[in-house]
Every structure is written in structure tokens, then in C-alpha cells.
Trainee: 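Take this structure, written in C-alpha cells, and hold onto it; I'll ask about it next.
Predicted model, so just to flag it, every value in this text is computed and none were measured. Numbered from 1 within each chain, the chains take letters A, B, ... in sequence-line order.
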Amino acid sequence: MAKLQAIRGMNDILPAQTSTWQALEAAFHRVVNRFGYQEIRFPVLEQTQLFKRSIGEVTDIVEKEMYSFDDRNGDNLSLRPEGTAGCVRAADQHGLLYNQQQRLWYQGPMFRHERPQKGRYRQFQQFGVEAFGMSGPDIDAELIQLSADLWRELDIAEALVLQINNIGASAERKAFGAALTAYLEAHSERLDDDARNRLYSNPLRILDSKNPDMQALLAEAPVLADYVSEESVSHFEELKALLSNAGVAFEVNPRLVRGLDYYNNCVFEWVTDSLGAQGTVCGGGRYDGLVEQLGGKPTVAAGFAMGAERLVLMLETLDKVPQQVPTSLYIVVPNGLAKEAQSLAATLRGEMPEQRIISHCGGGKPASQLKRAFSLGARYAILLDSEGLDQGVVRLRELKDGGEEATLTLDEAPVQIAQRLLRA
RNA sequence: GUGACUGUAGCUCAGCUGGUAGAGCCCUGGACUGUGACUCCGGUGGUCGCGGGUUCGAACCCCGUCAGUCACCCCA
């Protein structure tokens with residue numbers, strides 16, 4: 001029988017990496033709390049319809065990347081490819097949105113059936129933040145500041161660049177799209193296959209083509225900025241002013257268009273060149289029409305999501321992986337002293353519940369147990385032996401070159417050990 | 001979905017133009033240190049991704065398939 005293995009693009013995260021993940025999650029939680037956002041949790045599965053109506057029927061995500069299937073009732077369900085749709089559905093369903101302001105965050109796995117590559121997997125973790133009921137550019141600026149705060153917290157700020165753009169309202173984009181299509185049609189002989197395919201279905205996507213020939217052609221093309229409303233422009237200008245005031249550097253990237261249909265007005269991405277092809281670490285923007293589009297009362301909104309795997313990759317490549325918390329104490333247990341070791345360990349854990357204490361199990365000679373203590377990076381070892389226990393003492397050894405070695409009575413051991421562990 | 005490269009012990013890899021598989025690390029037994037490391041001796045562990053084919057004979061050649069990596073596409 002063939003060996004069972006993980007589904008393609010769905011990765012196991014092993015102990016060597018989980019401490020990095022935990023540190024990342026902790027940092028995110030700190031920042032999000034600092035800004036007064038509240039956690040919301042919602043299912044991994046939703047009606048397929050929810051994603052089709054929010055993300056857009058003709059987007060790549062919906063057309064070819066969703067994990068969809070019929071359940072036993074014949075309902076067509078999909079694993080969530082992103083978080084915003086489910087978040088909006090949940091918040092609206094429970095009346096959190098109407099005439100209210102909400103600042104929400106979530107985290108969890110998302111699923112897209114794409115070809116895996118560096119920084120892109122079929123199951124991936126996102127941290128997301130969504131703000132409802134605030135129409136001004138101040139909330140957009142707040143979201144961006146929140147993300148910038150996280151980069152500082154993770155010490156990766158210098159490796160990230162903020163790009164922003166104003167993509168206007170959907171009607172305006174439609175008008176611009178028509179103009180763009182007309183322009184490109186006039187130069188159809190210069191279009192690559194990809195651009196030709198998108199010419200009528202989604203012309204805006206041609207804007208961020210990586211093909212230099214396309215970019216050259218686009219240099220003379222109509223500009224989206226000329227099609228967006230005055231109101232939208234002034235919103236964008238205010239956002240820029242707020243960012244400058246907050247000391248957040250940004251680049252306006254007129255080619256920045258997002259792949260989900262629900263965005264409008266200002267959108268942004270944090271990008272890095274330290275991850276290869278998948279340089280976008282965080283992306284978001286306003287989506288003022290989405291709640292209504294999904295059947296709720298009109299509710300303005302903005303938010304973003306970031307990819308946890310990409311952040312972990314960044315931490316690793318930039319050598320910012322936080323240090324693991326070391327094992328505090330390893331109890332070396334000669335054969336026959338299991339009971340004594342168990343009692344001692346219980347006492348010590350009760351005395352210092354925050355410390356990591358491992359009591360050796362499985363026997364073996366003291367020498368190899370001590371070796372294990374060293375290789376685990378433990379700070380101290382207790383060496384039990386029956387003669388010592390008869391006299392009511394244990395030996396404590398500091399596990400580093402030239403470390404101290406002391407004999408402690410069983411009574412004073414907890415206090416003595418705690419003192420040593422606490423003085424760093 | 002397309003393309004390129006890769007797939008040999010738990011890990012990192014070697015294996016010349018095809019002749020029945022090796023090293024280091026790890027783990028482990030012992031010697032030696034009262035209690036790790038360094039040194040010495042010994043040991044466990046591989047259907048060479050999988051399935052076909054060519055051949056007297058394939059880890060090495062051919063085809064297929066699966067998986068990994070990176071890129072395109074797209075996005076977090």
C-alpha cells in the first residue's frame with residue numbers, strides 16, 4: 001500500500017517552525033488589541049454562492065481555484081478562499097453591522113487550488129482585519145498604520161514597501177475598462193496571448209502584466225485616475241495626507257489593481273523583494289458595496305489580509321526568527337527512581353509553573369540522559385541518585401561550559417532552582 | 001492549468017561511459033571521563049518515489065505517473 005502523505009500544497013508545520021508561528025501570532029494579537037479590534041470566528045465552509053457573489057464570477061479565484069463540492073444535502077459548498085466574504089456574512093447575519101461601527105480581526109486557513117510555489121500554497125493561513133461603518137479615509141489610514149505597526153513589531157519594516165492606488169467605483173472602472181479595451185484593440189497586434197484573453201473579460205488585469213512589452217504599450221494607454229470621481233479623488237488625497245502625517249511612507253502605483261471584484265476607491269499592498277515572485281505580503285482596501293451586495297443594509301467597509309506563510313518566510317530569510325524558549329530543567333532519572341523523580345517534578349512544577357521542566361522517561365544510563373539534556377538546550381539538570389536521596393539531597397548542574405554544580409537539599413531545592421532560573 | 005529542474009538510509013549527499021548500494025550527521029552498544037562534548041572500537045537502518053519498457057543485467061537508458069522546488073498565471 002502506498003504511503004499516505006499530505007495533500008499537495010498543504011503543509012505540515014513541524015516543531016522546529018511552530019515557535020516562529022506562535023511568535024507571529026502573538027505579535028499580531030498584540031497589535032490588533034492595541035488598536036481595539038475584536039476577534040470574530042466563522043466557518044471554513046460556506047455556500048459557494050457567497051464567494052461567487054462577493055469575489056466575482058469571472059475572477060481566477062472563483063473560476064478555477066475554489067475547492068467546491070456538493071454535500072449530502074446537495075448543497076454546493078466551498079472551502080473559503082479568503083476571509084472577507086465569510087466575515088461579512090457572519091457579521092451581517094448576526095446584526096453586527098447595521099448602523100454600527102465594528103473593528104474585527106480573524107485568522108485561519110484559506111484554500112485555493114493553485115499550483116504551489118514559494119509563498120503560495122493550497123492551504124494557507126491569513127490574518128485579516130475588517131472595519132465596518134466608517135466611511136472616511138481616516139479608517140483606511142488606521143488600517144495601514146496597524147499593519148505598519150506589526151512590521152515594526154516583527155522587525156521587518158525596512159524590507160516592506162507600501163503601494164497604494166485609487167481604483168474608483170465599479171461604474172468608473174467599467175468606463176475606464178471600456179476605454180482601455182478600445183485603446184488595446186487599436187494595438188491588438190502588439191498584445192500577448194494573455195492580454196488578448198483578458199481584453200474583454202477583465203481588461204484591468206492587463207495593467208499589472210509583468211511582460212515588458214505590455215508595460216511599454218500601456219505607457220500610452222488611458223489612465224484610471226482620469227475616470228474616477230472627484231469625491232473618490234479627494235478621499236484618496238486625504239488618505240495620502242493622513243499617511244504622511246503618520247510618517248508612513250508609500251508609493252502610488254497606478255497599475256495596482258486587486259484580483260477581487262469587491263474593492264473600490266483606495267486599495268493597498270505591502271510588497272517585499274525578499275520572497276521571490278510572491279512579493280505581496282499583505283493586501284486590502286475599501287469595499288463599500290459588498291455588504292449590500294450580499295443582501296445587507298448598505299454598509300461602508302475596509303480591510304486587509306496578510307499571508308502568514310509569507311511572513312514566516314520573511315522572518316526566516318531576514319534572519320528575524322525569534323528565539324525559542326529553552327527547556328529550564330531536565331531531571332536525570334536513574335533506573336528505579338521513577339517515583340522519586342515524579343514527586344520532585346510535581347513539586348517543582350507546582351512551585352514554578354511557568355518553567356519548562358522535563359523529567360526523563362524511558363530509562364537508560366545517566367550519561368546518555370545528560371547528553372539528551374544538553375542537546376535539548378536545557379539550562380539546568382538535576383541528577384538524582386539513590387544515595388543522595390537517602391541523605392535528602394539532589395545535585396544540580398548548570399548545563400554550560402564551566403557551569404556551576406551544587407548539592408541542594410530536597411527542601412530548599414525549589415527555591416534555589418527558581419532563583420537561578422529567574423536571574424536569566 | 002503551462003514550463004524548467006529535482007526525487008538514493010531519519011537528515012545532507014556520493015555513486016565514473018548500465019554489472020547486484022556508500023559516506024558524514026543522527027540514533028545506539030562498548031572503552032574513556034564521578035555526569036554530556038573531544039577520541040577509539042562496534043551496531044541498527046535503503047523494494048535507489050512508484051509502475052511499465054529496453055537489456056544477460058538498471059539507482060544509472062526510454063515512457064508514464066506521483067511528489068518536491070522554482071517560474072508563468074494569479075494572489076496572501
Trainee: Kindly indicate whether the side chain of A:Glu114 and the base of B:A76 share any N or O donor-acceptor pair separated by less than 3.5 Å?
Mentor: yes

Trainee: Could you state the atom-to-atom distance from CG of A:Leu14 to P of B:C11 in whole Å?
Mentor: 11 Å

Trainee: B:A37 pairs with which nucleotide, Watson-Crick or G-U wobble, both distances below 3.5 Å?
Mentor: none

Trainee: Using the C1' atoms only, state how far B:U44 lies from B:C25, rounded to an integer number of Å.
Mentor: 15 Å

Trainee: Take A:His113 and A:Gly9, find for each the nucleotide of RNA chain B with the closest heavy atom, and name the residue whose nucleotide sits nearer the 5' end.
Mentor: A:His113

Trainee: Work out how far the P atom of B:C16 is from that of B:C11, and round it to whole angstrom.
Mentor: 22 Å

Trainee: In whole Å, what separates the P atom of B:A4 from that of B:C63?
Mentor: 12 Å

Trainee: Out of B:C66, B:C75, B:C70, which has the shortest distance to the side chain of A:Leu260?
Mentor: B:C75

Trainee: Determine the Euclidean distance between corresponding C1' atoms of B:C26 and B:C66; express it in Å to zero decimal places.
Mentor: 29 Å

Trainee: Using a distance-only criterion (donor-acceptor N/O pair, under 3.5 Å, no hydrogens), is the base of B:C75 paired with the side chain of A:Arg310?
Mentor: yes

Trainee: Using a cut-off of less than 4.0 Å, is there contact between a side-chain N or O of A:Lys365 and OP1 or OP2 of B:G29?
Mentor: no

Trainee: Consider the side chain of A:Arg8, meaning its heavy atoms from C-beta on, and name the nucleotide among B:G68, B:C73, B:A76 that approaches it most closely.
Mentor: B:G68

Trainee: How is A:Arg372 classified with respect to the nucleic acid when contacts are heavy atoms under 4.0 Å: base, sugar-phosphate, or nothing?
Mentor: sugar-phosphate

Trainee: Write down the distance between CG (A:Leu370) and C1' (B:U33), rounded to a whole number of angstrom.
Mentor: 12 Å

Trainee: With no hydrogens and no angle check, is any side-chain donor or acceptor of A:Ser135 less than 3.5 Å from a backbone partner on A:Val300?
Mentor: no

Trainee: Taking CD from A:Gln117 and P from B:G3, how many angstroms apart are they, rounded to a whole number?
Mentor: 15 Å

Trainee: Write down the partner of B:C13 under the Watson-Crick or G-U wobble criteria, each distance required to be under 3.5 Å.
Mentor: B:G22

Trainee: Using Watson-Crick or G-U wobble geometry with both distances below 3.5 Å, tell me the partner of B:U69, or none.
Mentor: B:A4

Trainee: In whole angstrom, what separates A:Phe51's CZ from B:C75's P?
Mentor: 17 Å

Trainee: Please check the phosphate of B:C75 (OP1 and OP2 only) for any side-chain N or O of A:Gln278 closer than 4.0 Å.
Mentor: no

Trainee: Check every atom of B:C75, B:C74, B:A71 against the side chain of A:Asp60 and return the nucleotide holding the closest atom.
Mentor: B:C74

Trainee: Taking the six-membered ring for Trp, does A:Phe374 stack with B:A37 (centroid gap under 5.5 Å, planes within less than 30°)?
Mentor: no

Trainee: If you look at every strand shown and take non-hydrogen atoms under 4.0 Å, does A:Gly128 touch a base, only sugar-phosphate, or nothing?
Mentor: nothing

Trainee: Pick the closest RNA chain B nucleotide for A:Met10 and for A:Met306 by heavy atoms, then say which residue is nearer the 5' end.
Mentor: A:Met10

Trainee: Could you check whether A:Phe111 gets within reach of a base, just the sugar-phosphate, or nothing at all, counting any heavy atom under 4.0 Å?
Mentor: nothing

Trainee: Within a strict 4.5 Å, meaning less than it, do heavy atoms of the A:Arg120 and A:Arg115 side chains meet?
Mentor: yes

Trainee: Can you check whether A:Ile357's main-chain N or O pairs, donor with acceptor, with A:Ser328's side chain at less than 3.5 Å?
Mentor: no

Trainee: Round to a whole Å and report the spacing from CD of A:Gln369 to P of B:G29.
Mentor: 11 Å

Trainee: Looking only at atom types and distance, does a side-chain atom of A:Asn76 sit under 3.5 Å from a main-chain N or O of A:Thr48, one as donor and one as acceptor?
Mentor: no

Trainee: Under 3.5 Å, is there a donor-acceptor pair between the side chain of A:Gln126 and the main chain of A:Glu82?
Mentor: no

Trainee: In whole Å, measure the gap between the P atoms of B:G46 and B:G30 for me.
Mentor: 23 Å

Trainee: Counting only side-chain heavy atoms from C-beta out, which of B:C70, B:C75, B:G1 sits nearest to A:Arg115?
Mentor: B:G1

Trainee: Heavy atoms only, 4.0 Å cut-off, all strands: where does A:Arg112 land among base, sugar-phosphate and nothing?
Mentor: base

Trainee: Do A:Arg397 and B:G36 have a side chain to base donor-acceptor pair shorter than 3.5 Å?
Mentor: yes

Trainee: Take atom NZ of A:Lys371 and atom P of B:C26, then tell me their distance rounded to the nearest Å.
Mentor: 7 Å

Trainee: Give one of base, sugar-phosphate or nothing for A:Gly284, where a contact means two heavy atoms less than 4.0 Å apart.
Mentor: nothing

Trainee: Less than 4.0 angstrom from a charged side-chain N to a carboxylate O is my criterion; do A:Arg103 and A:Glu142 meet it?
Mentor: yes

Trainee: For atom C1', what is the distance between B:U54 and B:C60, given to the nearest Å?
Mentor: 14 Å

Trainee: I'd like to know if the side chain of A:Asn253 reaches the main chain of A:Ile164, judged simply by a donor and an acceptor atom lying under 3.5 Å from each other, with no hydrogens or angles considered.
Mentor: no

Trainee: On a whole-Å scale, what distance lies between the P atoms belonging to B:A23 and B:G18?
Mentor: 24 Å

Trainee: Quick one: the side chain of A:Arg120 and the base of B:C74, do they pair up donor-acceptor inside 3.5 Å?
Mentor: yes

Trainee: Specify the separation, in whole Å, of atom CZ of A:Arg122 and atom C1' of B:C73.
Mentor: 14 Å

Trainee: Considering only atom P, compute the distance from B:A37 to B:C32 and round it to an integer number of Å.
Mentor: 14 Å

Trainee: Return the value, rounded to whole Å, for the distance between atom CD of A:Glu25 and atom P of B:A76.
Mentor: 20 Å

Trainee: Identify which one of A:Val267, A:Asp261, A:Asn265 satisfies the side-chain contact (heavy atoms from CB on, under 4.5 Å) criterion when paired with A:Tyr263.
Mentor: A:Val267

